[in-house]
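What you see below is based on every heavy atom in this structure, not just the backbone, and it leaves out hydrogens, waters and symmetry mates. Quick caveat, the model's predicted, so the values are computed rather than measured.
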Amino acid sequence: MKYIKFLFVLALFPLMVRAQSVTNQRLYDTIPFIPEHTPQRLAQFAKEPIVPGRIIFLGNSITEMGNWKKVTGDTTVINRGIGGDITYGVLKRLKDITDRKPSKLFILIGINDIGKDIPDAVIADNYLKIVNEVHSKCPETKIYVQSILPLNPTIKNFPQHYDKEEHVLAVNKLLKANAAVGNYTFVDIFHLFVGPDKLLKAEYTYEGLHLKPPAFDVWVAYLKKQGYL
């Protein structure tokens with residue numbers, strides 16, 4: 001009887017190995033939250049003339065919603081935010097950035113990755129891939145990696161799949177730690193918008209995730225104060 005059980009387990013062993021190997025594959029989604037929005041934005045970008053040496057803000061909906069020309073006072077600033085985008089999406093569209101040889105590149109991406117449960121270390125690694133590609137194609141570009149912003153799940157209509165503040169803190173810690181190896185400037189904008197309750201200040205946000213216009217004034221004022229703009 002024991003011999004029969006041994007043979008049964010032996011016969012199942014290849015299946016068990018295959019089942020275990022599946023867990024080593026990527027188990028998270030790498031498609032942006034609003035996939036239909038990406039081609040629309042990319043088509044818009046493609047129509048714009050390629051002029052080197054400009055400042056580019058790169059990211060997701062938080063960046064897309066910023067009126068960077070107005071808030072910076074620079075009409076040549078380029079907005080490369082795409083709502084719903086993730087680090088994998090940015091990697092796919094970097095040619096649009098590197099072709100333009102920006103003088104400065106401000107990156108804010110990652111909250112949608114967190115919403116999709118992409119591991120913190122993977123997000124940070126994708127950041128390194130992004131900056132390394134830019135360094136390779138645009139060695140003169142100064143790269144500024146900005147911290148992911150705080151959240152406020154207590155505000156009405158907050159999208160609950162983003163309620164992962166611990167991952168925001170963890171990714172920000174990794175981004176800061178990787179600054180030297182990635183040869184970029186880490187910019188802590190988290191502290192600009194977090195309240196004493198450790199949540200995104202209500203006066204700066206619509207629903208605990210996206211920023212209202214006054215927040216962009218605070219953001220840019222800080223970048224200028226630090227000498228980044």
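Smallest separation of non-hydrogen atoms from P32 and I86: N-CD1, 4.2 Å. Minimum interatomic distance between L175 and Q146 (heavy atoms only, all atoms of both residues): CD1-O, 4.4 Å. Here the shortest heavy-atom pairing between I114 and V171 reads CD1-CG2, 4.2 Å. P139 approaches S136 most closely through the heavy-atom pair CD-O, 4.2 Å.
N67 places a side-chain N or O within donor-acceptor distance of the main-chain N or O of K70, the cut-off being under 3.5 Å. K116 contributes no side-chain N or O that, together with a main-chain N or O of D29, makes up a donor-acceptor pair within less than 3.5 Å. Checking side-chain atoms of N79 against main-chain N and O of T63 turns up a donor-acceptor pair under 3.5 Å.
For the atom pair I97 CD1 and I56 CD1, the distance stands at 4.5 Å (nearest 0.5 Å). The distance from the CG atom of N60 to the CG atom of N112 is 5.0 Å, given to the nearest 0.5 Å. Taken from CZ in F190 to CG in L169, the straight-line distance is 5.0 Å, to the nearest 0.5 Å. To the nearest 0.5 angstrom, T98 atom OG1 is 6.0 Å from K101 atom NZ. In this structure, L94 CG and K129 NZ are separated by 12.0 Å, a value rounded to the nearest 0.5 Å. From T76, atom OG1 reaches atom CG of D74 across 3.5 Å, with rounding to the nearest 0.5 Å.
At least one test fails for K104 against the ring of Y228: distance under 6.0 Å to the centre or angle within 45° of the axis.
Counting heavy atoms from C-beta on, the side chains of E207 and T205 come closer than 4.5 Å. Taking the side chain as every heavy atom from C-beta outward, L58 and L105 approach each other to under 4.5 Å. Between H191 and Y222 the shortest side-chain heavy-atom distance falls below 4.5 Å. At least one side-chain heavy atom of L211 sits under 4.5 Å from a side-chain heavy atom of L200. Annotation: side chain of F45 is in contact with side chain of I82 (closest heavy-atom distance under 4.5 Å). Using a 4.5 Å heavy-atom cutoff, the side chains of V145 and Y127 are in contact. Between V220 and W68, some side-chain heavy-atom pair lies under the 4.5 Å cut-off. Within the 4.5 Å cutoff, the side chain of I111 has heavy atoms near those of the L151 side chain.
Applying the 6.0 Å contact sphere to CD of E203 captures more than 12 heavy atoms from other residues, nucleotides or ligands. More than 12 heavy atoms of other residues, nucleotides or ligands shown are found within 6.0 angstrom of NZ on K164. Within 6.0 Å of atom NZ in K201, more than 12 heavy atoms from other residues, nucleotides or ligands are found, so the atom counts as buried in its surroundings. Summarising the local packing, NZ of K198 is surrounded by 12 or fewer heavy atoms from other residues, nucleotides or ligands at distances under 6.0 Å.
Not counting sequence neighbours, the partners of R93 by the salt bridge (charged side-chain N to carboxylate O under 4.0 Å, His left out) test are D85.
Note on L192: it does not cluster hydrophobically with L199, by side-chain heavy-atom contacts below 4.5 Å among ILVMFWY residues. In the hydrophobic clustering of this structure, L91 groups with I118; members are Ile, Leu, Val, Met, Phe, Trp, Tyr whose side-chain heavy atoms approach within less than 4.5 Å, directly or through other members. One hydrophobic cluster holds both V181 and V134 under the rule that ILVMFWY side chains link at heavy-atom gaps under 4.5 Å. A continuous path of hydrophobic side-chain contacts links Y28 to I34 [ILVMFWY only; heavy atoms under 4.5 Å]. Follow the hydrophobic side-chain contacts under 4.5 Å out from Y162 and you reach I123 in the same cluster.
A ring-ring contact (aromatic ring centres under 6.0 Å, His included) with Y144 is found for exactly one of F186, F106, W219, namely F106. Results of the side chain to side chain contact (heavy atoms under 4.5 Å, CB included) test with I143 over I107, T185, N183 single out I107 as the only residue that passes.
Using modelled atom types, one finds no donor on one side chain facing an acceptor on the other under 3.5 Å when comparing N152 with Y204. A donor-acceptor contact under 3.5 angstrom links the side chains of H210 and S61, judged on distance only. Looking only at atom types and distance, the side chain of H135 has no donor-acceptor partner in the side chain of N132 under 3.5 Å away. Defined by atom type and a distance below 3.5 Å, a donor-acceptor pair is present between the side-chain atoms of E64 and H37.
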* Output, in order, the C-alpha distance, side-chain angles, deciding distance and verdict of side-chain hydrogen bond (donor to acceptor under 3.5 Å, both in side chains) for D113 and Y88. => CA-CA 9 Å; D113 298 61; Y88 286 96; over 6 Å; no
* Are F216 and F57 close enough, and set up right, to give a ring pair (Phe, Tyr, Trp, His ring centres under 6.0 Å), and what steps lead you there? -> CA-CA 12 Å; F216 291 94; F57 284 83; 9.3 Å; no
* To do: Please test S103 against T141 for side-chain contact (heavy atoms from CB on, under 4.5 Å), starting from the C-alpha separation and ending with a verdict.
  => CA-CA 5 Å; S103 58; T141 299; over 6 Å; no
* To do: Kindly indicate, with the supporting measurements, whether the criterion side-chain contact (heavy atoms from CB on, under 4.5 Å) is fulfilled by L108 and I62.
  => CA-CA 8 Å; L108 176 58; I62 294 171; 4.0 Å; yes
* Can you check side-chain contact (heavy atoms from CB on, under 4.5 Å) on I130 and Y184, steps first, answer last? -> CA-CA 11 Å; I130 291 167; Y184 59 77; over 6 Å; no
* To do: Please assess S147 against N172 for the test side-chain hydrogen bond (donor to acceptor under 3.5 Å, both in side chains), listing each intermediate value before the final yes or no.
  => CA-CA 5 Å; S147 60; N172 284 342; 4.5 Å; no
* Kindly indicate, with the supporting measurements, whether the criterion side-chain contact (heavy atoms from CB on, under 4.5 Å) is fulfilled by F193 and L149. => CA-CA 7 Å; F193 305 110; L149 298 172; 3.6 Å; yes
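Salt bridge status for D120 with K173: absent, with no side-chain N to carboxylate O gap under 4.0 Å. Between E133 and K137, at least one side-chain nitrogen of the basic residue sits less than 4.0 Å from a carboxylate oxygen of the acidic one, meeting the salt-bridge criterion. The pair D96-R80 meets the salt-bridge criterion, with a side-chain N (NZ, NE, NH1 or NH2) lying under 4.0 Å from an Asp/Glu carboxylate O.
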